[in-house]
Number of protein chains: 2
Amino acid sequence: MPVAAETTMSSCPEDIKTIPERVFCQLREDIVEGRISAGSRISEAELAGRYGTSRGPLREAISQLAAVGLVERRPNVGARVIELSSKQLLDVFHVREALEGTAARQAAERMDAAAVQQLRDTLAAHEQRIGQDGGHTYFQESGDVDFHYRIIQGSGNRYLIKLLCHDLYYLVRMYRCQFGMRSKRGPAALKEHGAIVDAIARGDGDMAELLMRAHVRASRANVEQMLMEKVEVN
Amino acid sequence: MPVAAETTMSSCPEDIKTIPERVFCQLREDIVEGRISAGSRISEAELAGRYGTSRGPLREAISQLAAVGLVERRPNVGARVIELSSKQLLDVFHVREALEGTAARQAAERMDAAAVQQLRDTLAAHEQRIGQDGGHTYFQESGDVDFHYRIIQGSGNRYLIKLLCHDLYYLVRMYRCQFGMRSKRGPAALKEHGAIVDAIARGDGDMAELLMRAHVRASRANVEQMLMEKVEVN
DNA sequence: CGTGTCTATATTGTCGACAATATAATATCA
DNA sequence: TGATATTATATTGTCGACAATATAGACACG
């Protein structure tokens with residue numbers, strides 16, 4: 001009974017009706033996973049071919065990508081995939097810290113008993129996985145994502161949900177994929193998750209926010225360190 | 001030498017080249033100001049006529065509006081302007097509190113002397129205006145917006161700037177217009193602004209964030225009260 | 001040899017026509 | 001008469017063709 005798969009923010013849902021929507025998803029995935037390299041130009045004609053559609057729907061998809069911030073558009077010139085810089089990655093983490101902190105606070109205020117229980121289950125599953133395979137990175141990541149996802153949903157704040165789940169996480173994933181970073185702080189993160197759940201269960205919004213912010217901050221520090229090491233290597 | 005006009009987030013810049021961009025701006029303005037009423041359906045054909053273009057560019061504009069969250073789209077049915085509820089307004093304020101707090105913190109860390117001076121000037125102009133006309137609401141609003149705008153820009157965090165200046169503020173403005181609320185706490189807000197500037201000038205990020213969050217929270221409390229009064233009246 | 005201009009080409013921007021879908025109005029049957 | 005099936009209509013979705021613009025290359029000139 002893996003809880004993860006179903007609830008994770010799915011890559012490209014099947015129930016997509018319209019072409020622009022489908023292309024938007026696929027294109028986003030290709031960008032995030034690095035199949036279309038950062039900074040590269042996006043040719044409408046070429047992509048129309050690749051995704052088997054005409055340029056109309058494709059332009060719509062590109063518009064949306066631009067609105068979300070994954071590509072940059074210049075009139076009469078075209079669109080390019082955004083460039084990734086360390087500074088911007090850290091800036092994104094600052095935003096994430098603030099937003100996820102608020103999510104945790106509101107989750108503490110609004111989650112009902114059932115939701116809290118589900119959250120506990122997620123955490124337990126995650127714990128078990130780490131125990132089993134000593135923190136095989138993939139499950140660790142997906143477990144982490146699932147945990148955060150649940151809390152964000154639990155906040156019941158639609159705008160927050162939109163920002164974090166629909167916009168920001170794709171950016172974060174893009175960095176993860178392309179800078180090739182996997183969090184190596186599984187057990188530590190797990191403990192922090194536990195404390196956060198407790199605060200939420202208690203209905204202690206202040207503490208939940210505090211802990212979540214610290215958690216994201218620690219994650220950022222981890223990333224920051226990896227970036228430094230990378231610079232040294234190169 | 002009014003500082004405000006030039007730097008305020010302009011409604012619809014003149015230097016717009018492409019039609020979708022122009023339509024996006026105009027349509028957004030019409031929605032924000034309530035000329036297209038909340039919850040109403042958006043007919044592509046009708047709007048294409050109104051803005052003097054064909055349906056292609058219009059669809060692109062609608063896509064972007066949807067990505068920003070001002071309209072909701074259903075496949076094969078059409079788009080509607082979002083409905084405004086008190087709960088969602090308050091949720092937006094929660095997000096704003098978190099983001100502007102971060103903006104203030106980063107501004108404190110990153111603004112140079114010149115930028116801080118500009119901020120002071122903005123504040124001084126605002127103060128003078130309030131003194132003159134006893135807080136004529138229009139200038140008060142625009143001064144407030146300008147102040148926040150400067151700090152957000154001062155954070156140097158591109159993602160933050162995008163979220164606050166390009167997405168969130170239009171939502172806030174939409175609520176302001178349609179719920180017809182003007183902040184009646186001019187002098188109080190001004191004091192708070194002063195304290196924030198001091199913290200930023202000092203480079204005290206913690207304090208700047210704390211004060212900014214309190215400031216936004218106070219604004220939210222004000223809005224909350226007005227909402228309650230409204231309910232009573234009706 | 002460097003610089004500026006001009007032209008050729010490729011790419012984006014825009015449009016109108018046609019296809020697919022949802023909604024509403026109508027008709028049919030128990 | 002009520003509910004369901006069916007058609008009609010209006011709206012959205014999609015496409016291919018044409019116009020406008022920017023970029024790269026050739027060419028002339030200082």
Side-chain angles (χ1 to χ4, degrees), chain A residues 12-31 35-83 166, chain B residues 12-31 35-83 166:
Chain A
C12 271
E14 292 304 322
D15 61 322
I16 278 185
K17 296 286 175 230
T18 169
I19 294 184
E21 226 177 321
R22 202 200 69 218
V23 172
F24 171 73
C25 273
Q26 294 185 338
L27 195 46
R28 179 175 60 188
E29 214 59 19
D30 286 342
I31 289 173
R35 282 185 290 276
I36 299 177
S37 56
S40 69
R41 265 196 67 184
I42 283 182
S43 158
E44 293 182 1
E46 182 199 332
L47 288 190
R50 161 139 46 147
Y51 296 115
T53 181
S54 75
R55 281 178 49 223
L58 192 95
R59 280 178 67 85
E60 258 185 69
I62 293 179
S63 281
Q64 283 182 255
L65 260 318
V68 171
L70 283 174
V71 307
E72 282 168 348
R73 241 183 171 185
R74 278 196 321 175
N76 292 311
V77 174
R80 346 177 52 88
V81 178
I82 53 161
E83 291 277 9
H166 295 1
Chain B
C12 272
E14 292 305 321
D15 61 324
I16 279 185
K17 296 287 175 227
T18 167
I19 294 184
E21 223 176 322
R22 201 200 70 217
V23 172
F24 170 74
C25 273
Q26 295 185 338
L27 195 45
R28 178 175 62 187
E29 213 60 18
D30 286 343
I31 290 174
R35 282 185 291 275
I36 299 178
S37 56
S40 69
R41 264 196 69 185
I42 283 183
S43 159
E44 294 183 359
E46 181 199 332
L47 288 190
R50 162 141 43 149
Y51 296 115
T53 180
S54 76
R55 280 179 50 223
L58 193 96
R59 280 177 68 83
E60 259 184 67
I62 293 180
S63 282
Q64 285 182 252
L65 260 319
V68 170
L70 283 174
V71 307
E72 283 167 348
R73 244 187 170 179
R74 278 195 322 176
N76 291 311
V77 174
R80 349 177 48 90
V81 178
I82 52 161
E83 291 277 10
H166 296 359

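These numbers come from a predicted model, not from an experiment. Chain naming here is simple, since letters A, B, ... match the order of the sequence lines and numbering starts at 1 in each.
Taking atom CZ of A:Arg55 as the reference point, atom C1' of D:dA19 lies 12 Å away to the nearest angstrom. Atom CD in B:Glu60 sits about 7 Å away from atom P in C:dG13, given to the nearest Å. As a whole-Å value, the separation of A:Glu44 CD from D:dC18 P is 18 Å. With rounding to whole Å, B:Leu47 atom CG is found 19 Å from D:dA10 atom P. In this structure, the CZ atom of B:Arg59 is 8 Å from the C1' atom of D:dT14, given to the nearest Å. Atom-to-atom, CZ of B:Arg80 to C1' of C:dA22 comes out at 14 Å; the value is rounded to the nearest Å. Put simply, CZ on A:Arg73 is 17 Å from P on D:dT21, counting in whole angstrom units. Atom CG in A:Asn76 sits about 13 Å away from atom C1' in C:dA10, given to the nearest Å.
Put simply, the side chain of A:Arg41 gets close to the backbone of A:Val77: a donor and an acceptor are under 3.5 Å apart. No side-chain donor-acceptor contact under 3.5 Å links B:Arg55 to the backbone of B:Leu47. No donor-acceptor pair closer than 3.5 Å links the side chain of B:Arg28 to the backbone N or O of B:Leu70. At distances below 3.5 Å, not a single donor-acceptor pair connects side-chain atoms of A:Arg73 with backbone N or O atoms of A:Ile62. A distance-only check finds no donor-acceptor pair linking the side chain of B:Arg80 to the backbone of B:Ser40 [under 3.5 Å].
For D:dA22, neither phosphate oxygen OP1 nor OP2 lies less than 4.0 angstrom from any side-chain nitrogen or oxygen of A:Arg41. Residue A:Thr18 places none of its side-chain N or O atoms closer than 4.0 Å to OP1 or OP2 of D:dT12. Neither OP1 nor OP2 of D:dT14 sits under 4.0 Å from any side-chain N or O of A:Thr53.
Residue A:Ile42 is in sugar-phosphate contact alone, with no base atom involved, counting any heavy-atom pair closer than 4.0 Å across all strands shown. Nucleic acid contact class of B:Gly78 (heavy atoms, under 4.0 Å, all strands): sugar-phosphate only.
Along DNA chain D, the nucleotide nearest to B:Pro75 and the one nearest to A:Arg74 differ in position, and the one closer to the 5' end is contacted by B:Pro75.
Side chain of B:Val77, nearest nucleotide from C:dT23, C:dG13, D:dG16: C:dT23. Minimum atom distance to the side chain of A:Ile19 is reached by D:dC15, of the listed D:dC15, C:dG13, C:dT21. Listed candidates were C:dG16, C:dT12, D:dT12. Nearest to the side chain of B:Ser54 is C:dG16. Minimum atom distance to the side chain of A:Pro57 is reached by D:dC15, of the listed C:dC15, D:dT12, D:dC15.
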